[in-house]
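This report concerns only the one structure given below.
For the numbers below, each heavy atom of this structure counts, side chains included, while hydrogens, waters and symmetry mates do not.
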Amino acid sequence: MSVFRSGVLVLTSPLSALSMRLAPILASAAKIVQDTLYVHLQPGLLLTGSSQPTSTYIPATQEVCSLISKLYSDADVHGNLDVRVLLTNIKNQSGSQQTLSSVQNLSHPPEVVLTDFQTIDGGQYNPAKQQLERYATNSYSCHPHLTSVLLYPEYGIEEDIINLKETDSEGNPLQSHSDVVVGGTFDRLHNAHKILLSVCCLLSERRLLIGVADKELLDNKALKELIEPYEKRVEKLAQFLVDVKPSLGYDIVPISDPFGPSITDPELKCIVVSEETQKGGQSVNKRRLENGLSELRIHEIQLVTDPKHSENEEEKISSSSFRNRLLGTLLKTPAENPSMPSRPYVIGLTGGSGSGKSSIAKILEKLGAALIDCDKLGHQSYKPGGPAYQKVIDEFGTDIVCEDGTINRRAIASKVFGNKDQLKRLTDIVWPAIATLAKEAVKEAAAEETKDSYLMKVSLCV
């Protein structure tokens with residue numbers, strides 16, 4: 001059972017060995033930390049010597065990027081953990097880096113420091129723990145009562161044999177750039193976002209420009225109503241970025257089209273895309289050439305498979321899948337309103353065509369709900385004598401009236417569909433009429449209630 005809300009995990013194993021060790025290490029850490037887990041890569045750190053251990057730089061290579069990607073991917077099975085890989089000591093080709101001797105402030109000060117470093121005696125009461133605590137407090141802003149834990153994960157025998165044959169190599173250096181740009185929705189910041197942003201941070205020497213989708217750019221997103229507000233997405237984004245690499249400059253801006261400032265900023269040198277947005281990067285370069293600007297280097301990252309995706313969800317880790325999983329859950333506790341009568345309880349059931357409104361309505365009807373179908377009320381509203389009947393005729397002309405006095409629905413449909421202005425005029429007439437009829441239907445449902453009834457009927461607006 002997790003006992004600390006936040007922690008920092010110091011990984012001392014050789015990078016070549018870490019790839020296969022990450023899963024058991026994270027599984028052990030997840031039993032101790034329940035919310036935020038910072039991860040600090042420091043291969044070769046010695047905690048048994050007499051001298052004070054210090055942080056050292058790691059070169060930013062393709063192999064380091066792959067390791068960070070795998071770490072976030074392996075962490076995805078631990079849904080409770082907000083994992084953040086710290087990049088302060090990972091050095092790219094930039095001439096200026098943050099001084100490692102300074103203490104880095106973290107948004108969630110660690111309450112516990114963990115490590116994969118193992119001592120010969122395999123115990124928890126030894127000088128290595130004291131050295132670990134000193135190292136953590138000299139590197140990060142930790143909780144005043146910091147606790148240290150030496151993890152002893154169960155590594156597979158096959159994995160240990162493989163890693164005995166491996167040796168660390170510096171690998172291929174990652175080509176960095178002064179100014180880098182990336183775009184996205186960044187809804188419910190998840191591990192695939194963190195991989196994308198981490199790569200961007202390692203590529204950036206001076207500034208990272210981030211375009212966050214807003215307004216019109218959200219119109220075609222699945223379940224756009226559940227997308228977090230722009231301000232909340234930016235707040236989470238900024239906190240993550242400042243945590244993982246505080247020395248970098250960040251510009252976070254709203255974008256309402258696919259390009260944003262990527263086609264107008266002359267200082268940009270590189271754009272980071274995923275497999276599915278690679279063509280978007282090419283479109284950016286085309287527009288930059290048209291604007292008299294130099295092309296950007298396109299850096300592509302791989303998509304990350306979601307191990308928990310269902311049949312009706314995307315295989316990749318995706319914000320739309322997270323929003324889909326919110327369906328049927330209570331997003332927030334309803335605020336009490338003393339002026340609102342407790343009975344009848346009115347539920348609004350809405351959604352696009354084929355979204356399942358009728359199916360849900362039938363289920364609730366069987367449970368005792370009184371069903372009010374607003375589609376039917378809409379038709380009823382402009383029947384002869386209905387509250388919208390004469391207003392619709394006055395607005396759209398007598399040519400929509402049949403010989404028997406009813407309104408020809410096909411005739412009015414031909415006038416409004418495909419014409420936004422006409423459609424708005426119709427809805428402005430019909431919706432108030434529907435609201436009036438719905439209120440009357442709710443009153444009728446409420447009148448059926450008895451004081452000794454234990455089942456409260458539900459009035460449903462569909």
Side-chain angles (χ1 to χ4, degrees), residues 4 6-19 21-22 24-26 28-29 32-33 36-61 63-64 67-68 71 83-92 96-153 155 160 163-164 166-171 198 202 243-247:
F4 299 97
S6 59
V8 57
L9 171 61
V10 180
L11 296 177
T12 65
S13 296
L15 296 181
S16 59
L18 266 179
S19 181
R21 291 181 178 181
L22 284 175
I25 290 173
L26 289 171
S28 298
I32 300 172
V33 179
T36 307
L37 178 66
Y38 295 102
V39 179
H40 175 79
L41 296 174
Q42 193 61 79
L45 183 69
L46 187 63
L47 297 174
T48 53
S50 57
S51 60
Q52 173 65 40
T54 58
S55 183
T56 57
Y57 282 119
I58 304 169
T61 63
E63 288 74 16
V64 169
L67 181 65
I68 291 173
L71 196 154
V83 175
R84 304 182 181 192
V85 181
L86 301 169
L87 308 174
T88 308
N89 68 320
I90 302 179
K91 184 182 177 76
N92 60 22
S96 62
Q97 299 285 340
Q98 180 173 336
T99 304
L100 293 180
S101 59
S102 60
V103 175
Q104 179 181 339
N105 291 321
L106 299 174
S107 57
H108 304 281
E111 299 174 2
V112 61
V113 55
L114 317 166
T115 185
D116 61 339
F117 184 86
Q118 298 185 355
T119 58
I120 297 176
D121 62 4
Q124 290 291 336
Y125 302 97
N126 53 60
K129 291 187 63 180
Q130 297 176 357
Q131 290 279 55
L132 179 62
E133 290 177 20
R134 292 195 194 101
Y135 177 79
T137 53
N138 286 336
S139 301
Y140 303 107
S141 57
C142 299
H143 192 274
H145 304 292
L146 183 69
T147 302
S148 58
V149 176
L150 305 183
L151 300 176
Y152 292 94
Y155 301 130
D160 283 336
N163 285 318
L164 284 173
E166 293 182 343
T167 57
D168 272 335
S169 60
E170 292 189 0
S198 297
L202 293 179
D243 261 355
V244 300
K245 194 172 182 181
S247 61

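Between Leu9 and Val33, the closest side-chain pair of non-hydrogen atoms is not below 4.5 Å. The shortest distance between side-chain heavy atoms of Ser198 and Val244 does not fall below 4.5 Å. Leu106 is not listed as a side-chain neighbour of Arg84, based on a closest heavy-atom distance of 4.5 Å or more. At a threshold of 4.5 Å between non-hydrogen side-chain atoms, the residues Leu18 and Ile25 count as touching. For the pair Pro153/Gln118, a side-chain contact is recorded, criterion being any heavy-atom separation below 4.5 Å from C-beta on. Side-chain atoms of Pro43 and Ile58, non-hydrogen and from C-beta on, do get closer than 4.5 Å to each other. In this structure, Leu202 and Asn92 have side chains that are not in contact, with every pair of non-hydrogen atoms separated by 4.5 Å or more. Put simply, the side chain of Ser247 does not reach to within 4.5 Å of the side chain of Thr88, judged on heavy atoms.
Between atom OG1 of residue Thr147 and atom CZ of residue Phe4 there is a gap of 4.0 Å, rounded to the nearest 0.5 Å. One finds the CG atom of Leu46 at 11.0 Å from the OG1 atom of Thr54 (value rounded to the nearest 0.5 Å). One distance of note links OG of Ser16 with CZ of Arg21; it measures 8.5 Å at 0.5 Å rounding. Note that the OG atom of Ser102 and the CG atom of Asn138 stand 11.0 Å from one another [nearest 0.5 Å]. Expressed to the nearest 0.5 Å, how far OG1 of Thr12 lies from CG of Asp116 amounts to 4.0 Å. Annotation: the span from Leu47 atom CG to Tyr135 atom OH amounts to 9.0 Å, rounded to 0.5 Å.
A side-chain donor from one of Gln42 and Ser55 sits under 3.5 Å from a side-chain acceptor of the other. The closest side-chain donor-acceptor pair between Thr56 and Asn89, if any, does not fall under 3.5 angstrom.
Distance alone, capped at 3.5 Å, is enough to place a donor-acceptor pair between the Gln104 side chain and the Asp243 backbone. Under the 3.5 Å distance criterion, the side-chain polar atoms of Asn105 are left unmatched by any main-chain donor or acceptor of Ser141. A distance-only check finds no donor-acceptor pair linking the side chain of Thr36 to the backbone of Ser6 [under 3.5 Å]. Judged by distance alone, with hydrogens and angles left aside, the side-chain atoms of Lys129 form a donor-acceptor pair with the main-chain N or O of Ser148 at under 3.5 Å. One N or O on the side chain of Thr137 and one on the backbone of Arg134 form a donor-acceptor pair closer than 3.5 Å.
Annotation for Cys142 and Pro109: closest pair C-CB, 4.1 Å, computed over non-hydrogen atoms. Taking all atoms of both residues into account, the shortest heavy-atom contact from Tyr57 to Lys91 is CD2-CB, 3.8 Å. Considering every non-hydrogen atom in both Glu111 and His143, the closest pair reads CA-CB, 3.8 Å. In terms of heavy-atom proximity, Pro59 sits nearest to Val64 at O-CG2, 3.6 Å.
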Q: For Leu87 and Ile68, run side-chain contact (heavy atoms from CB on, under 4.5 Å): C-alpha distance rounded to whole Å, both residues' side-chain angles, the deciding distance at 0.1 Å, then the answer.
A: CA-CA 10 Å; Leu87 308 174; Ile68 291 173; 3.8 Å; yes

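Ring geometry, Tyr140 versus His40: the interplanar angle exceeds 60°, so the pair is classed perpendicular (tilted spans 30 to 60°).
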